[in-house]
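Basis for what follows: all heavy atoms, side chains included, without hydrogens, waters or symmetry-related copies.
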Amino acid sequence: MQMTKEELASLMSDTAHNAVLTTREEFGIELDHSPQSVALVDVVILKWLEKYQESALENNIVFTVCNLYGAYVGEIFRKLVGGSWHYDQSNPEAPYIVLEYAGHTYAFAGICYQRLVNDSQISVKSYFDQAVSNNVQ
């Protein structure tokens with residue numbers, strides 16, 4: 001899949017907006033695009049598990065949840081700090097999207113995956129805060 005930087009930026013912005021709509025519809029929680037709202041992403045990811053239990057861990061649901069909230073958190077980072085989205089196809093079997101800024105990449109969907117699938121103690125907010133503090137003096 002080839003996408004221009006503009007198409008990818010538009011896709012991620014739209015996906016972040018879909019995270020807001022989906023979260024409102026599914027859980028009645030308002031995500032307001034503020035850095036503080038990233039803490040709600042930690043809550044919402046676990047709410048998917050509570051509401052849908054084992055079916056929340058099916059591949060297509062994991063992919064959707066992680067990409068929704070990864071885009072949402074990444075868009076907040078991008079607006080606060082900067083950066084651009086990058087579609088990494090170095091492994092054609094498992095392409096992924098990261099946010100690049102100042103020579104670093106941030107896998108916001110990946111940290112959402114870790115919280116959803118591997119360890120509910122992992123914090124998306126902590127990852128986000130660390131990424132911001134690494135780039136803002």
Side-chain angles (χ1 to χ4, degrees):
M1 176 171 87
Q2 277 301 81
M3 267 192 195
T4 66
K5 287 246 182 230
E6 294 78 20
E7 289 170 333
L8 185 56
S10 179
L11 172 66
M12 297 310 284
S13 177
D14 290 348
T15 302
H17 179 70
N18 287 338
V20 173
L21 297 177
T22 301
T23 302
R24 181 183 306 136
E25 290 169 12
E26 288 286 333
F27 307 109
I29 294 172
E30 247 353 275
L31 297 177
D32 65 4
H33 298 281
S34 69
Q36 296 76 18
S37 72
V38 176
L40 291 173
V41 171
D42 279 328
V43 172
V44 170
I45 287 172
L46 297 184
K47 286 196 170 290
W48 282 97
L49 284 173
E50 287 172 22
K51 186 171 182 177
Y52 294 101
Q53 296 156 5
E54 289 303 310
S55 66
L57 296 178
E58 292 174 6
N59 285 342
N60 59 335
I61 295 174
V62 167
F63 176 84
T64 301
V65 168
C66 295
N67 282 299
L68 277 173
Y69 297 107
Y72 177 78
V73 174
E75 281 294 290
I76 294 170
F77 180 91
R78 195 181 61 73
K79 288 180 176 127
L80 187 66
V81 178
S84 61
W85 292 104
H86 174 70
Y87 187 66
D88 189 313
Q89 300 179 76
S90 55
N91 177 354
E93 299 297 313
Y96 59 95
I97 298 172
V98 293
L99 190 71
E100 294 181 329
Y101 181 75
H104 297 282
T105 59
Y106 298 95
F108 292 111
I111 197 68
C112 293
Y113 176 89
Q114 292 299 319
R115 181 165 178 85
L116 179 65
V117 175
N118 293 331
D119 183 354
S120 63
Q121 298 305 305
I122 289 174
S123 171
V124 175
K125 176 77 166 120
S126 292
Y127 181 87
F128 172 83
D129 288 345
Q130 187 64 53
V132 169
S133 73
N134 288 347
N135 291 289
V136 177
Q137 264 65 5

N/O donor-acceptor pair under 3.5 Å between Thr22 side chain and Ala19 backbone: no
Where Leu116 and Cys66 come nearest, the two heavy atoms and their spacing: CD2-SG, 4.1 Å
Closest approach of Ala16 to Glu75 (non-hydrogen atoms, all atoms of both residues): CB-CG, 3.7 Å
Closest heavy-atom pair and its distance - Gly74, Leu99: O-CD2, 3.6 Å
Backbone of Ser120 reached by a side-chain donor or acceptor of Arg115 within 3.5 Å: yes
Distance flag, aromatic centroids of Tyr106 and Phe128, threshold under 6.0 Å: no
4.5 Å side-chain heavy-atom contact, Tyr113 and Val65: no
Student check: side-chain heavy atoms of Gln89 and Pro92 closer than 4.5 Å: no
Polar contact flag, side-chain donor to acceptor under 3.5 angstrom, Trp85-Glu7: no
Minimal non-hydrogen separation, Tyr69 against Leu31, with atom names: CE2-CD1, 4.0 Å
hydrophobic_cluster_shared for Tyr96 and Leu8, side chain cutoff 4.5 Å: no
Distance (rounded to the nearest 0.5 Å) between Asp42 CG and Ser126 OG: 7.0 Å
Transitive ILVMFWY side-chain link Ile111 to Phe63, under 4.5 Å: no
Distance (rounded to the nearest 0.5 Å) between Phe108 CZ and Tyr72 OH: 12.5 Å
Note, Thr105 side chain near His86 side chain (heavy atom, < 4.5 Å): no
Straight-line distance of Ser84 OG to Tyr101 OH, nearest 0.5 Å: 11.0 Å
Euclidean distance, Asp129 CG relative to Asn134 CG, rounded to 0.5 Å: 10.5 Å
Minimum-distance pair of heavy atoms, taken over all atoms of Ser34 and Ile76: O-CD1, 3.5 Å
Closest contact, heavy atoms only, Ser37 versus Asp32: CB-OD1, 3.3 Å
Side-chain (Lys79) to main-chain (His33) donor-acceptor, under 3.5 angstrom: no
Hphob cluster co-occupancy, Leu21 + Val44, side-chain heavy atoms under 4.5 angstrom: no
4.5 Å side-chain heavy-atom contact, Met3 and Tyr87: no
Check: Asn60 main-chain N/O paired with Thr64 side-chain donor or acceptor under 3.5 Å: yes
Spacing of OG1 belonging to Thr15 relative to CD1 belonging to Ile97, to within rounding of 0.5 Å: 7.5 Å
Cluster overlap Tyr127 with Val98, hydrophobic side-chain contacts below 4.5 Å: no
CG on Asn67 to CE on Met12, rounded to 0.5 Å: 6.5 Å
